[in-house]
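A short write-up of the structure that comes next.
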Amino acid sequence: MRLLSALLIGVIFGTGIALSGMMNPAKVLNFFDLAGTWDPSLAFVMGGALAVAIPGYRLVLGRPAPVMADRFDLPQTRVIDRRLVLGSAAFGVGWGMSGFCPGGALPALGTGRIEVFLFVAALIGGLLLARAIEARRILARKPA
């Protein structure tokens, strides 16, 4: 049931990304082009997402546990540290350079465009690299 729910939620999300045009990197890149062909529609898409997500989080987090899990899996810290800032900056630079973010790139795989596949491959490579760096950092901190 959890896998079916995840699939259904992914289809809804992907459909929203496709309908809003956020699979198109030109649409995203034009949002960042304030001095040129600026397109404010991404702000409306983000605003719409927040309008749904904020009350949704309040509703869900008011429950004792998720519907399909024993407990919530939430971050244990709210510290804004160097890793968070650098990771956010890297995400933003990648998004601004390519016009893709993970949420838009995965549904865009269905277009068959090679640049989407290259982006997703680079995304997976970056995730694996970050995971390896984190594992190495944890091992370095453990006493011998």
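This chain uses plain numbering: 1 for the first residue, then up along the sequence.
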| query | Can you check whether V67 reaches R63 side chain to side chain, under 4.5 Å on heavy atoms? | reply | yes

| query | Under a single-linkage definition using a 4.5 Å side-chain heavy-atom cutoff for Ile, Leu, Val, Met, Phe, Trp and Tyr, are L34 and F31 assigned to the same hydrophobic cluster? | reply | yes

| request: Quick one: pull up CG in L129 and CD1 in I124 and give me the separation to the nearest 0.5 Å. | output: 13.5 Å

| Distance-only, no hydrogens or angles: does the R2 side chain make a donor-acceptor pair with backbone N or O of M68 under 3.5 Å? | yes

| query | Are the side chain of W38 and the backbone of D33 linked by a donor-acceptor contact shorter than 3.5 Å? | reply | no

| request: Look at atom CZ of R58 and say whether more than 12 heavy atoms of other residues, nucleotides or ligands are closer to it than 6.0 Å. | output: no

| ILVMFWY network linking I17 to F91, side-chain heavy atoms under 4.5 angstrom | yes

| query | Could you give the distance from CD1 (I133) to CD1 (I138), rounded to the nearest 0.5 Å? | reply | 12.5 Å

| task | Mark yes when over 12 heavy atoms from residues, nucleotides or ligands other than L3 sit less than 6.0 Å from its CG; otherwise mark no. | result | no

| note | Looking only at heavy atoms, the pair that brings L61 and L74 closest together is CD2-CD1, 4.1 Å

| request: Report yes or no: do M23 and F13 belong to one cluster of Ile/Leu/Val/Met/Phe/Trp/Tyr joined by side chain heavy-atom distances under 4.5 Å? | output: yes

| field | Ring centers of W95, F32 separated by less than 6.0 Å | value | yes

| request: Give the cluster check for F119 versus V28: same hydrophobic cluster or not, with ILVMFWY residues linked at side-chain heavy-atom distances below 4.5 Å. | output: no

| remark: Distance col, row I80:CD1 vs S88:OG, nearest 0.5 angstrom, shows 9.0 Å

| Does I12 belong to the same Ile/Leu/Val/Met/Phe/Trp/Tyr cluster as I9, with side-chain heavy atoms less than 4.5 Å apart forming each link? | no

| query | Is the shortest heavy-atom distance from the side chain of R113 to the side chain of P25 under 4.5 Å? | reply | yes

| query | Would one find more than 12 heavy atoms of other residues, nucleotides or ligands at under 6.0 Å from atom CE of M1? | reply | no

| F100 versus V120: any side-chain heavy-atom pair under 4.5 Å? | no

| field | Any side-chain heavy-atom pair of L123 and P102 under 4.5 Å | value | yes

| query | Do the non-hydrogen side-chain atoms of T37 and L29 ever get within less than 4.5 Å of each other? | reply | no

| said: Around atom CG of D81, are there more than 12 heavy atoms from other residues, nucleotides or ligands closer than 6.0 Å? | reply: yes

| task | First locate atom CE of M22, then atom CG of L42, and finally report the distance between them rounded to the nearest 0.5 Å. | result | 5.0 Å

| task | Salt-bridge test for R131 and E134: reply yes if a basic N is under 4.0 Å from a carboxylate O, no otherwise. | result | no

